[in-house]
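Below is one structure, written out as structure tokens; comments come after it.
All values reported here derive from a predicted model rather than from experimental measurement. We use all heavy atoms of the structure for the numbers below, so side chains are in, but hydrogens, waters and symmetry mates are not.
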Amino acid sequence: MDYVIEMLNITKEFPGIKANDNITLQLKKGEVHALLGENGAGKSTLMSVLFGLYQPEEGTIKKNGQVVSIKNPNDANALNIGMVHQHFKLVEVFSVLDNIFLGVEPNKLGFLQKREARKKVVELSEKYGLHVDPDAIIEDISVGMQQRVEILKMLYRENEILIFDEPTAVLTPQEIQELMAIMRAFTEEGKSILFITHKLSEIMAVADRCTVLRKGKCIGTVDVKNTTKEELSRMMVGRDVSFSVEKSPVKCGDTVLEVKNVTVASKLHKNNAVRNVSFNVRAGEIVCLAGIEGNGQTEFAYALTGLEPQSEGSFTLCGQDISNATIRERSKLGMSHIPEDRHKHGLVLDYSLAENMVLQRYWQPEFQHNGFIKKDAVRAYSDSLIQQYDVRSGQGSDTIVRSMSGGNQQKAIVAREIDKQPELLVAIQPTRGLDVGAIEYIHKQLVAQRDAGKAVLLISLELDEVMDVSDRILVMYEGEIVGEFESGAVTVDELGLYMAGAKRQKVGEVVE
């Protein structure tokens, strides 16, 4: 059997952890080969070895049967291997075009030749239906568009082996379907794809074969057409996973959050991102704000949590007006916030795990005395949260957060925010980029908060999550609430129509 890439007996170690333990992976030409595993199972590490970002302690890599040495990403590119990383490697202030040819600048006698590069980028963009504007600045475009820029980077370099690291973690359901179509088009042309994911439905939809990793070891490789979701999740987590969320009937208490006529300006265009939005969240219920990315949810969340000001309207938390309150004042009054972008707003990546665990509380008497941090108290608190929430890391509380897997970074944020015993938990994309075991765990935590009489506001793009976890669903389209539904009173397809703007309710109408 001819394999285009073979990774044989790869072992890679970091301090305190064997990330890859004697793993063998073989990729056929023209196939989509999925790499499945929990957060921290070693998937990204293995692909980083193939892309030259890490050097393995043991093992060999072969391309078309020949042993190759990949010391850095330039070696990988020379072998026609390209990679789209989970956290994109783009220069935010550069244009799309500049990002695409960065490192392989087209020049004559040292002068940049943008016109030819632009022509090639536009042709590739049209050929694969990527619809990317080459002149847009990266920081102004949506996450889904940024990902297409990463894909164009690989196509521009004429890579034949394409590595996608968690490519759908930041995409809407519609963008995911488009990406799947693009991946199929690549394999029909003879390109080979390695696809890191932990979303079982995507593997069933697009992959030919799947290799499962668990805690750094290879559990096995299976043909996707001969397996089931349940079988794959069992291989991945080592136990049966429940795909449904169990919760008791809702018991609502007093109003905790009241949102009145809130309008938020947009940074991208003259129109307002959020327009005259009003609703409330009561104790003991989970209200979900659903919608396709870019319809004002992010700006609304920024205004509610104090990251950005609203231009009109008010927020009332537990009877107190917090419209002009600082972030710390909101936190003290009982608001916790699981942010959408864990790197930008959730963690200080170069701090230790212990320091990140007390970011919201370090000034409290139990953690400081006369302005000096009580290190032992901080460590004891962090250790207890790590154990309680199963946050996995190489060196426990001393681990630098940057070195942890995305899913364990997320668990750390969830642990910190829930342990503050908030009256209102604002959870934005809380399971973005997590595996089935971790998703099941976080959903249980959200329901436990609700059952403890807390108010939960969930903002999510994942339709399954919206349907399973919420008690009430509000649909946001172009900055306005266009539909309100009691849980169970609406189907996924119906919800999709509201999310796409094809339907809207009359004012005051609620579907129960």
Side-chain angles (χ1 to χ4, degrees), residues 1-8 10 23-39 41-44 46-47 50 62-65 81-84 128-129 151 154 159-169 171 173-215 217-244 433-437 439-440 462-464 492-493:
M1 176 72 206
D2 290 338
Y3 292 109
V4 59
I5 287 286
E6 292 178 88
M7 301 184 76
L8 305 171
I10 301 289
I23 292 176
T24 292
L25 175 74
Q26 294 167 312
L27 175 70
K28 297 175 185 171
K29 186 173 168 63
E31 78 166 342
V32 176
H33 192 116
L35 196 55
L36 176 68
E38 286 186 280
N39 303 117
K43 312 180 294 289
S44 295
L46 186 65
M47 289 301 101
L50 178 56
K62 290 183 178 180
K63 185 182 176 200
N64 297 326
I81 299 169
M83 181 163 179
V84 174
Y128 291 103
I151 293 171
M154 294 197 293
N159 295 137
E160 292 298 310
I161 292 124
L162 312 179
I163 305 167
F164 287 89
D165 185 357
E166 298 284 0
T168 62
L171 300 188
Q174 287 79 353
E175 286 172 327
I176 291 172
Q177 286 170 353
E178 287 162 14
L179 178 69
M180 299 286 167
I182 291 166
M183 287 165 83
R184 285 193 203 94
F186 288 160
T187 54
E188 281 161 18
E189 288 187 358
K191 296 185 195 297
S192 311
I193 294 180
L194 282 160
F195 172 38
I196 304 181
T197 184
H198 44 239
K199 292 189 179 173
L200 301 168
S201 53
E202 289 165 12
I203 292 181
M204 303 309 280
V206 79
D208 300 300
R209 291 191 304 148
C210 176
T211 295
V212 183
L213 304 186
R214 187 182 336 141
K215 293 188 179 167
K217 289 187 162 60
C218 181
I219 302 296
T221 300
V222 293
D223 278 327
V224 171
K225 60 177 184 291
N226 300 334
T227 189
T228 62
K229 268 189 187 184
E230 286 70 22
E231 183 68 27
L232 286 173
S233 72
R234 208 171 297 127
M235 286 174 76
M236 170 167 132
V237 188
R239 61 179 174 83
D240 288 335
V241 174
S242 161
F243 288 101
S244 61
L434 300 191
D435 61 66
V436 285
I439 289 173
E440 178 189 43
E462 300 277 346
L463 277 176
D464 293 348
V492 171
D493 295 337

### Query
Under the side-chain contact (heavy atoms from CB on, under 4.5 Å) criterion, do Phe186 and Ile151 qualify, and how do the steps go?
CA-CA 11 Å; Phe186 288 160; Ile151 293 171; 3.8 Å; yes
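Contact check for Met204 versus Leu232: side-chain heavy atoms found under the 4.5 Å cut-off. Counting heavy atoms from C-beta outward, Met235 and Val222 have side chains that approach closer than 4.5 Å. Contact of the Leu194 side chain with the Phe164 side chain is not registered, since no non-hydrogen atoms from C-beta on lie closer than 4.5 Å. In this structure the side chain of Ile161 reaches within 4.5 angstrom of the side chain of Lys63, judged on heavy atoms. Within the 4.5 Å cutoff, side-chain heavy atoms of Cys210 are placed close to those of Val212. Looking at Asn159 and Ile81, their side chains never come closer than 4.5 Å, going by heavy atoms from C-beta outward. Using a 4.5 Å heavy-atom cutoff, the side chains of Lys62 and Leu8 are in contact. Between Met7 and Leu50, the closest side-chain pair of non-hydrogen atoms falls below 4.5 Å.
In terms of modelled atom types and a separation under 3.5 Å, the side chain of Arg209 and the main chain of Gln26 share a donor-acceptor contact. Looking at Lys29, its side chain never comes within 3.5 Å of a backbone N or O of Val4 through a donor-acceptor pair. Between the Glu31 side chain and the Lys28 main chain, a donor and an acceptor come within less than 3.5 Å of each other. Side-chain atoms of Thr227 never come within 3.5 Å of backbone atoms of Val224 as a donor-acceptor pair (strictly under, hydrogens ignored).
In this structure, a donor-acceptor pair under 3.5 Å is absent between the side chains of His33 and Ser192.
Looking at every heavy atom in both residues, Leu200 comes nearest to Ser233 through CD1-CB, 3.7 Å. Between Met183 and Ile193, the shortest heavy-atom distance links the atoms O-CD1, 3.6 Å. Minimum interatomic distance between Glu160 and Gly190 (heavy atoms only, all atoms of both residues): OE1-O, 4.4 Å.
Atom SG of residue Cys218 and atom CG of residue Leu46 lie 9.0 Å apart, to the nearest 0.5 angstrom. From Thr221, atom OG1 reaches atom CG of Leu36 across 11.0 Å, with rounding to the nearest 0.5 Å. Between atom CG of residue Leu27 and atom CG of residue Asp208 there is a gap of 10.0 Å, rounded to the nearest 0.5 Å. Taking CD of Glu166 as the reference point, atom CD1 of Ile196 lies at 7.0 Å (rounded to 0.5 Å).
Remark: of the listed residues Thr211, Leu35, Leu213, Leu213 is the sole one forming a side-chain contact (heavy atoms from CB on, under 4.5 Å) with Ile23. Of the candidates Met83, Lys43, Met47, Asp165 forms a side-chain contact (heavy atoms from CB on, under 4.5 Å) with just one, namely Met83.
Among residues two or more places apart in sequence or in another chain, the side-chain hydrogen bond (donor to acceptor under 3.5 Å, both in side chains) test is passed with Arg234 by Glu231, Asp240.
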